[in-house]
Amino acid sequence: MRVKRILQSKDEQEKNAPVDLSLMDHLLEKYKNKKGNLIPILQGTQNIYGYLPHTAFAKISEVTGLKLNEMYGVATFYTQFRLNPVGKNIVKVCHGTACHVQNASAISEAIEDTLGIKDGETTPDGLFTLESVACLGCCSLAPVMMIGDNTFGKLTGSSAVKILKEIKIKESN
Amino acid sequence: MKKTKVLIGLASCGIAAGAMKVYDKLKALQDAEKLDIVLKRTGCIGMCFREPLVEVIDDSGSYLYGDVNEEKAVEIFDKHLKQNEPVKDYIVKCDLFKTKDDIFWDGQIKIALRNCGVIDPENIDEYEEMGGYQAIKKILGEKISSEEVIQTVLDSGIRGRGGGGFPTGLKWRFAHNNKADTKYIICNADEGDPGAFMDRSLLEGDPHAVIEGLIIGAYAIGAKEGVIYCRAEYPLAIKRLNIALDQARKKGYLGKNILGAKDFNFDLYVKEGAGAFVCGEETALMASIEGERGMPRKRPPFPAESGLWAKPTNINNVETFANIPYIITNGAASYSKHGTEKSKGTKVFALTGKISHGGLVEVPMGISIRDIIFKLGGGIIGGKKFKAVQLGGPSGGCIPEYLADTIVDYDSVTATGAIMGSGGMVVMDETTCMVDMARFFLDFTCKESCGKCTFCRVGTKRMLEILTRITKGEGKEGDIQKLEELAYQIKETSLCGLGQTAPNPVLTTIKYFRHEYEAHIIDKKCPAKSCKQLLTYSVDPEKCTGCTVCAKNCPSNAIDGERKKVHFIRQDACIKCGACFTKCKFDAIIVS
């Protein structure tokens with residue numbers, strides 16, 4: 001069982017830079033009275049903000065009548081949902097069976113060393129968030145990582161780092 | 001003269017290998033030279049080890065090019081497409097002559113994957129040209145009753161391809177016999193087993209086959225609404241499914257009065273999963289569709305009686321549904337003639353790990369594991385020694401080399417302690433540590449346990465702690481017994497398949513590789529030289545040139561030595577990170 005916690009610092013951040021909740025109106029209108037709507041609403045909210053802002057929960061509850069405890073229950077249960085802001089590029093390093101056998105931990109270690117962050121953390125410049133995931137389904141190309149919608153296969157520690165550096169150069173231009 | 005066709009495999013795996021660049025290059029060349037050819041995308045043909053793949057079909061035959069990159073694409077374009085001279089060096093499969101990769105195809109029978117890599121998955125016309133939607137037309141046109149459809153599926157002998165192995169026809173009959181106004185049919189596309197990707201390939205390569213299978217299932221059990229529950233990690237599969245659903249609706253295969261049949265209404269939608277392995281379990285999956293935490297429910301009542309929204313529900317796996325149209329169109333016997341007495345038909349396997357020909361194969365049930373790995377799979381990478389194969393993902397088990405002649409059917413595989421599962425085969429060689437493998441799977445199931453049953457929630461955690469300790473060289477006498485004891489308790493007291501099978505990888509590795517556990521615990525050694533904490537690093541004085549690279553890269557300053565003199569590792573300071581081993585250019589670091 002996984003345990004997810006909300007960072008205390010996040011509330012401060014949201015106070016300083018309030019989240020624009022009106023972006024959710026269309027989404028809430030669409031799913032308001034549908035049964036089984038909780039997960040699609042949370043997925044839609046995360047698509048808008050990149051994570052689930054604290055204040056968004058209250059708004060969803062207000063509009064749809066869903067209970068806060070149920071929403072947090074679902075949001076903390078599924079790996080997809082993030083309770084904290086993420087970097088611009090989410091680096092998903094696959095740790096499925098095939099990737100594990102082909103030494104995926106070397107990829108994670110190389111990235112952790114280069115970016116100076118651990119699994120689940122975000123770089124201070126907000127460029128990268130590192131995540132290990134179960135299986136991306138590209139097992140024949142193991143070890144694999146995914147950045148945005150792009151999948152990179154047959155990696156080594158250094159080739160993975162090279163890809164990150166290229167992104168960094170692109171972003172700084 | 002027919003137009004020359006050029007097919008590019010653009011499934012997720014192909015795209016990851018660079019197929020999109022090849023497609024763009026060929027498209028640009030075609031546009032620039034205004035060459036009269038048909039360029040189209042297709043799904044995965046299964047030959048992942050040669051990706052990106054480009055197939056050229058002209059009047060003389062079909063030529064499949066492998067390992068294509070942009071430069072090779074230009075060459076193929078100039079020589080084959082413009083001057084009609086195939087570039088033989090890059091051809092991996094051709095119907096005119098033999099190639100060294102032909103062994104990959106020998107013995108394969110494509111039923112579920114019949115259209116993958118052949119048709120454009122985003123074009124319904126191509127599916128229809130291959131005989132698609134004929135099965136549902138036949139049923140409605142000849143007014144075949146739902147009982148007869150179920151009987152045909154039952155006669156074909158097909159069993160649940162998701163891993164359970166329950167006869168599909170029987171499942172349908174239960175749902176059919178439960179009378180209710182509303183019934184649901186669900187396609188389980190929450191392929192969570194790490195190491196399995198056959199469902200992704202099917203959905204990306206031939207989504208209409210799965211949809212047609214669902215329509216037939218809905219007709220058979222009397223469902224009006226269906227759901228395809230697909231993992232969110234498969235964005236391309238979701239996109240192609242939604243395109244296919246729109247096309248099917250426009251053509252009248254979905255919606256009200258399907259194909260003019262008065263009382264047959266059925267529609268489908270795709271539900272995106274949110275990342276929870278346990279949602280592959282049918283009752284947890286339904287809880288997730290209802291918008292709750294994906295926790296399994298007690299059975300009975302079974303879904304056929306009370307499933308989604310407490311209505312009779314039937315759930316089958318993607319591969320099962322993909323087989324159904326073939327069975328209806330060609331008759332039960334065309335399917336049941338393949339396979340063994342109790343496991344009929346074919347099964348798709350995903351070959352991964354330390355295997356030369358990684359990819360997807362579809363073989364008749366009854367073929368031996370050895371044949372799959374050494375014939376189709378081309379053996380082990382780098383000629384290393386084959387040690388074991390993991391079947392059935394985290395719920396399955398490791399089958400050792402000496403049992404490799406086991407045939408693949410549900411009962412023979414179960415007898416070894418593994419399970420058929422969805423068909424992921426992860427091949428391991430002599431460098432894979434079995435204790436570490438068991439730890440890896442436990443780590444996975446421990447994280448994925450939903451937390452409902454105490455033994456699954458706490459027990460997997462305790463087992464993981466013991467296994468982690470063993471791989472660190474801190475194993476104690478009695479650890480193996482404790483692991484076994486916990487394993488049986490978890491199996492007996494868990495509600496769903498996740499907990500009931502989670503200890504399987506540990507139990508099978510203890511059963512077949514007990515000596516490796518003992519080596520870790522008693523001798524503090526890892527025979528596969530994989531558990532870093534149990535290794536000793538030393539310098540080979542013969543090979544060391546004194547280049548100082550190892551000393552510079554050692555994070556704990558455990559390496560002494562002057563320039564151009566043999567270096568020395570102080571064992572008391574060594575943290576066994578392996579940095580010296582990876583950095584040494586002269587293979588002078590000995591690992592023992």
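Reckoned from all heavy atoms, side chains included, excluding hydrogens, waters and symmetry mates. Naming convention: chains lettered A, B, ... in sequence-line order (proteins, then strands); numbering from 1 in each chain.
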Minimum heavy-atom distance A:Tyr78-B:Ala276, with the two atoms named: CD2-CB, 3.7 Å
Nearest heavy atoms of A:Gly96 and B:Pro194, plus distance in Å: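 A:Gly96 and B:Pro194 have their closest heavy atoms at CA-CB, 3.6 Å.
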So which of [options] has the biggest tally of heavy-atom pairs under 4.5 Å with chain A?
options	result
B:Glu233, B:Lys447, B:Glu290	B:Lys447
B:Ser201, B:Cys13, B:Gly294, B:Ser12	B:Gly294
B:Lys461, B:Arg231, B:Gln390	B:Arg231

Chain B interface, residue from [options] that has the most non-hydrogen pairs under 4.5 Å:
options	result
A:Gly153, A:Gly73, A:Ala98	A:Gly73
A:Leu38, A:Val74, A:Val133	A:Val74
A:Met146, A:Glu70, A:Gln80	A:Gln80
A:Gly157, A:Ala106, A:Cys99, A:Ser140	A:Ser140
A:Thr79, A:Thr97, A:Thr151	A:Thr97

Which bit of [X] is near chain A, if near means a heavy-atom gap under 4.5 Å: side chain, backbone, both or neither?
X	result
B:Met437	side chain
B:Glu51	neither
B:Phe277	neither
B:Val278	side chain
B:Ser288	both
B:Cys44	neither
B:Ala232	side chain
B:Leu236	neither
B:Lys271	side chain
B:Ala11	neither
B:Arg293	both

How many angstroms lie between [atom1] in [X] and [atom2] in [Y], if you round to the nearest 0.5 Å?
X	Y	atom1	atom2	result
B:Thr432	A:Asn103	OG1	CG	10.5 Å
A:Cys139	B:Met198	SG	CE	9.0 Å
B:Phe444	A:His95	CZ	NE2	13.0 Å

Proximal to chain A - members of residues 450-460 of chain B, heavy-atom separation under 4.5 Å: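 Residues in range: B:Cys450, B:Gly451, B:Arg457.
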Stepwise side-chain contact (heavy atoms from CB on, under 4.5 Å) test for A:His100 and B:Asp436: CA-CA 10 Å; A:His100 177 76; B:Asp436 176 61; 3.0 Å; yes
Trace of the side-chain contact (heavy atoms from CB on, under 4.5 Å) decision for B:Phe197 with A:Cys135: CA-CA 9 Å; B:Phe197 55 96; A:Cys135 186; over 6 Å; no
Over 12 non-hydrogen atoms of neighbours within 6.0 angstrom of NZ in A:Lys168: no
Heavy-atom neighbours of B:Phe581 CZ exceed 12 at 6.0 Å: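 Check fails, neighbour count at 12 or below.
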Part of A:Gln43 within contact of chain B (heavy atom distance under 4.5 Å): side chain
Interchain contact, A:Ala142 with chain B, by part (heavy-atom threshold 4.5 Å):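 Neither part, no heavy atoms under 4.5 Å.
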